[in-house]
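Quick note on labels: first sequence line is chain A, next is B, and so on, each numbered from 1.
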There are 2 protein chains.
Amino acid sequence: MSRNSNGGAPVPEGGWLDSEQQRAWLAYIRVQLRLTYEMNRQLQSDSELSLPDYDVLTALSVADRGLMPIKVLAAQIGWERSRVSHHVRRMAERDLVSCSLSTSDRRVTEVRLTQHGREVLEAAAVGHVELVRRLFFDGLPRELEGPLSQALESVYTNIIAQGTLPPPVDWRPHGVDDRR
Amino acid sequence: MSRNSNGGAPVPEGGWLDSEQQRAWLAYIRVQLRLTYEMNRQLQSDSELSLPDYDVLTALSVADRGLMPIKVLAAQIGWERSRVSHHVRRMAERDLVSCSLSTSDRRVTEVRLTQHGREVLEAAAVGHVELVRRLFFDGLPRELEGPLSQALESVYTNIIAQGTLPPPVDWRPHGVDDRR
DNA sequence: AAAGCTTAGGTGATATGTCACGCAATTCCA
DNA sequence: TGGAATTGCGTGACATATCACCTAAGCTTT
């Protein structure tokens, strides 16, 4: 940091971001930080779920028959496998999910949403989505919704192409309806 | 989840997001997840820093005289104070920062960037910014940079207004140049 | 200047996440 | 078909984060 003090002109060469890019990146980081903080806080105070809990339950809730191998679940929500393993065990102790061996391939553990888990999720989702709407969309002018989606989708596509992570399966997070 | 199966029409009433909003939200969450994962991964493999380490060092590097009270640092990067306290102690053991009591108010601990910390940060920043450019901006059409910035800035302003968190001080994260 | 409030931080118990490794089921292939 | 490679996961040691609570310095009031 603190070099490249060129008074605000774009930086064409390899190393740094030009000023328009810096603007976008700064805005992105700020939104990301605050939003994560607030979502966590809201969930924990209005429900018995943490944001990670919520992510797991949401992924399961839209899965076929509310059930998913650990490997797939990890890919869906972008976690390390062993994190899922630990987390799911803890959630099972709270009766939010249950685990069982697949009959077809006895290496795989299938994680299943319990009835209680589904109820807790649906109760929590109301407040969560409400928060997202209030914090995110109430501040977003209608005419920028389209461009924002486009921009983020482009970036996402690029990340998948460039990134080192196995490409994910379709996933709908945080109150995004699955319209079956 | 899994209710409100209205076949794709916008949902006007209170509870859920309409389909354009769902599109934006889904894209946002996906980008957020992948990007965090990749940034962490890159930093840890190309330097001796984690993403949290990097955030701390970046905040300090743009501070006046490379020095900041813990309280301010926490606000800058959106952490709980005690997290900063613990983390900074560990970083001090690695000689990335150092702590000392303020002379004017002996309650405050001032965290300072060490010479070694600055060197490590500057070495790490090169690869980090390179990754951000490759993953984020290479996928973002120039004509969408402006709208994206605008959209995220609107959202950010709204979060600050609505949110429960103390409004932050100015902060420039992750390789955003401070052009003093 | 002492009682009581407020503010900055540290601390220790606990929860959570990561990493390296190991084991067992499956698949590959000579 | 039997051994090697691969795959899916669990585990335990360790790193990190959170939470409730503690101390002490400064401030305010009387």
A.B. asks: Provide, to the nearest angstrom, the distance between the CD atom belonging to Gln44(B) and the P atom belonging to dT16(D).
C.D. replies: 9 Å
A.B. asks: Report the relative orientation of the aromatic rings in Tyr28(B) and Phe136(A); use parallel for angles under 30°, tilted for 30 to 60°, perpendicular for over 60°.
C.D. replies: tilted
A.B. asks: Can you measure Trp79(B) atom CH2 to dT16(D) atom C1' for me and round it to whole angstrom units?
C.D. replies: 10 Å
A.B. asks: Tell me: CG of Leu51(A) to P of dA17(D), nearest whole Å?
C.D. replies: 16 Å
A.B. asks: Toward the 5' end of DNA chain C, which comes first, Asp105(A) or Asp53(A), by nearest nucleotide?
C.D. replies: Asp53(A)
A.B. asks: Measure up the His128(B) and Tyr54(B) rings against each other and bin them: parallel (under 30°), tilted (30 to 60°), perpendicular (over 60°).
C.D. replies: tilted
A.B. asks: Tell me: CZ of Arg83(B) to C1' of dG9(C), nearest whole Å?
C.D. replies: 17 Å
A.B. asks: Under the 3.5 Å rule, do the base of dT7(D) and the side chain of Arg107(A) count as making a donor-acceptor pair?
C.D. replies: yes
A.B. asks: Whole angstrom is fine here: how far is it from NZ in Lys71(A) over to C1' in dT7(D)?
C.D. replies: 7 Å
A.B. asks: In whole angstrom, what separates Arg106(B)'s CZ from dG9(C)'s P?
C.D. replies: 15 Å
A.B. asks: Work out which heavy atom in Leu57(B) is nearest to a heavy atom in Leu96(B); give both atom names and the distance.
C.D. replies: CD2-O, 4.1 Å
A.B. asks: In whole angstrom, what separates Arg90(A)'s CZ from dG17(C)'s P?
C.D. replies: 6 Å
A.B. asks: Report yes if a side-chain nitrogen or oxygen of Ser85(B) is closer than 4.0 Å to either non-bridging phosphate oxygen (OP1 or OP2) of dG9(C); otherwise report no.
C.D. replies: no
A.B. asks: For Asp55(A) and Pro52(A), indicate whether the former's side chain and the latter's backbone hold a donor-acceptor pair under 3.5 Å.
C.D. replies: no
A.B. asks: Taking the minimum atom-to-atom distance to the side chain of Glu80(A), which one of dC9(D), dG10(C), dC19(C) wins?
C.D. replies: dC19(C)
A.B. asks: Suppose we call a contact any N or O donor and acceptor under 3.5 Å apart; does that hold for the side chain of Ser82(A) and the base of dC9(D)?
C.D. replies: no
A.B. asks: Please report the distance, rounded to the nearest Å, between CG in Leu49(A) and P in dT16(C).
C.D. replies: 12 Å
A.B. asks: For the side chain of His86(A), starting at C-beta, report the closest nucleotide among dT18(D), dG9(C), dC19(C).
C.D. replies: dC19(C)
A.B. asks: Ring-plane angle category for His87(A) and Trp79(A), please: parallel below 30°, perpendicular beyond 60°, tilted otherwise.
C.D. replies: perpendicular
